[in-house]
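Labels below follow one simple rule: chain letters A, B, ... track the order of the sequence lines, proteins then strands, and each chain is numbered from 1.
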Amino acid sequence: MGDLRKTFHVRDYDLDATLSSGQAFRWQQLGQAWEGVIGGRWVRLRLSKGDITAEAAKPVRDWAWLEHYLQLHFNLDQALATFPDDEPMQNAVASFPGLRLLRQDYWECLASFILSATKQIVQIRQMVMLLSKRYGEPIASNDDDPAFAFPTIKVIAACGEKELRECKLGFRAPNLLGAARDILDKKIDLQRLPTLTSSEARKELMKLHGVGPKIADCVLLFAGGHQEVFPVDVWIERALQQLYFPKRRPSAKQLRKFADTHFGPYAGFAQQYLFHHARVHLKLK
DNA sequence: CATCGACCTGGAAGG
DNA sequence: TATTGCAGGTCGATA
């Protein structure tokens with residue numbers, strides 16, 4: 001039959017940092033708990049004393065989807081050991097030891113980052129929520145209101161630009177629409193992405209309307225699990241600039257080159273630490 | 001190639 | 001309370 005609850009023992013897992021660090025946009029903190037939707041399922045997560053307790057709305061027979069999403073089996077120590085031994089990196093890790101990378105659905109991740117262009121995390125969440133409420137399937141939750149799955153490619157592709165703009169997407173509306181239609185038109189095959197190398201997958205993703213290097217890299221890192229990929233956005237640019245080149249002012253291209261060689265095989269994971277640390281603790285600009 | 005403006009709009013910041 | 005400046009990017013045009 002399955003259970004409504006399940007407890008996972010974890011070591012060094014900072015749920016708060018992980019779910020609020022701007023890699024996923026479907027999580028809401030209520031008191032000590034986090035509520036969100038993973039695929040077609042609503043869940044409530046709570047971390048206490050080294051245990052993550054999950055609560056579902058309907059009995060769950062197999063929790064593999066959650067373990068996979070949260071990457072519970074991931075060997076954190078092994079990854080951390082590859083990070084460069086310099087002060088900025090060590091500080092970033094020290095301020096959120098236990099920050100993790102999630103493993104998200106390709107389409108939801110892609111769509112979310114298409115929406116992320118020149119928006120703050122709160123606003124991105126807002127857009128994702130509006131879209132889900134309006135175009136996603138309602139699913140059972142333990143709250144008074146139902147939850148909503150993220151809308152499918154097909155449903156988005158069938159929308160008009162104008163209705164998408166009503167979800168506060170602004171100029172991102174045609175980009176989301178274009179990408180959804182490109183996928184339906186088989187300009188690229190999302191199903192095939194996991195079989196490709198990161199540079200091949202990157203090229204594929206960039207064929208989509210409104211998808212450039214930054215968004216492609218986010219999808220590779222947050223959905224594809226390509227942990228060596230290092231998305232460069234304005235925050236990371238500022239953080240690298242301030243932390244590693246306080247005197248000079250290197251070009252974006254030089255920063256990218258530095259990042260590609262400096263951070264090692266888990267560069268993307270390192271990036272997540274730098275990003276979160278910078279966002280929470282640093283006055284940038 | 002590097003640089004530059006256009007593209008929407010909500011919600012802060014400083015007058 | 002009205003105004004201004006800005007925000008996890010991408011695309012196309014320009015020397």
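If you measure from atom CG of A:L115 to atom C1' of B:dT9, you get 14 Å, rounded to the nearest angstrom. Atom-to-atom, CG of A:L177 to C1' of B:dC8 comes out at 16 Å; the value is rounded to the nearest Å. Protein atom CZ of A:R256 is 16 Å distant from nucleotide atom C1' of B:dA2, rounded to whole Å. For the pair A:K207 NZ and C:dC11 C1', the interatomic distance rounds to 19 Å; values are reported in whole Å. Whole-Å rounding puts the A:L255 CG to B:dA2 C1' distance at 15 Å. One can place CG of A:L205 at 12 Å from P of C:dC11, the figure rounded to the nearest angstrom. If you take CD1 of A:I124 and P of B:dC8, they are 18 Å apart, rounded to a whole angstrom. Rounded to whole angstrom, the span from the CD atom of A:Q254 across to the P atom of B:dA2 amounts to 11 Å.
B:dC7 has A:F171 stacked on its base ring, the centres lying under 5.5 angstrom apart and the planes within 30 degrees of parallel.
B:dG10 and C:dT10: their P atoms are spaced 23 Å apart (whole Å). Taking the P atom of each, C:dC6 and B:dG15 are spaced 14 Å apart, rounded to whole Å.
For A:K247 and A:F245, the positive end is not near the middle of the six-membered ring at less than 6.0 Å and at most 45° from its axis.
Within 4.0 Å of A:K168, counting heavy atoms only, lie sugar-phosphate atoms of the nucleic acid but no base atom. Contacts of A:Q23 with the nucleic acid, taken as non-hydrogen atoms under 4.0 Å apart, include base atoms. Backbone-only engagement by A:G212 is indicated by non-hydrogen atom pairs under 4.0 Å involving sugar-phosphate atoms exclusively. Nucleic acid contact for A:V211: sugar-phosphate only, since backbone atoms but no base atoms lie under 4.0 Å from a heavy atom of the residue. Residue A:S112 is classed as having no contact, given no heavy-atom separation below 4.0 Å to the nucleic acid.
Salt-bridge formation is not detected for the pair A:K162/A:E166: no Lys NZ or Arg NE/NH1/NH2 atom is positioned less than 4.0 Å from an Asp or Glu carboxylate oxygen.
Pairing partner, B:dA2: C:dT14, with both Watson-Crick or wobble hydrogen-bond distances short of 3.5 Å.
A sub-4.0 Å separation between OP1 or OP2 of B:dC7 and a side-chain N or O of A:R165 is absent. The side chain of A:K253 places an N or O atom within less than 4.0 Å of a non-bridging phosphate oxygen (OP1 or OP2) of B:dA2.
Donor-acceptor pairing under 3.5 Å, judged by distance alone, is absent between the side chain of A:R172 and the base of B:dC7.
Sequence order on DNA chain C of the closest nucleotides to A:L208 and A:S116 puts A:S116 first from the 5' end. The 5' end of DNA chain C is approached more closely, in terms of each residue's nearest nucleotide, by A:W235 than by the other of A:M206 and A:W235. Between A:T118 and A:Q123, the one whose closest nucleotide on DNA chain B sits nearer the 5' end is A:T118.
Here the rule is side-chain contact (heavy atoms from CB on, under 4.5 Å) with A:L130, and of A:M127, A:K133, A:Q126 only A:Q126 fits it.
Closest to the A:I215 side chain, of the nucleotides B:dT9, C:dT10, B:dC7, is C:dT10. In this structure, of B:dA2, B:dC7, C:dT10, it is C:dT10 that holds the atom nearest to the side chain of A:K214. Candidate nucleotides C:dT10, B:dC8, C:dA7 were compared by shortest atom distance to the side chain of A:P213, and C:dT10 ranks first.
Listed for the A:Y13 side chain is no donor-acceptor partner under 3.5 Å among the backbone atoms of A:T18.
Side-chain rings of A:F96 and A:H281 approach one another, their centers coming within less than 6.0 Å.
Ring pair A:Y69/A:W27 is tilted by interplanar angle, where 30° to 60° counts as tilted.
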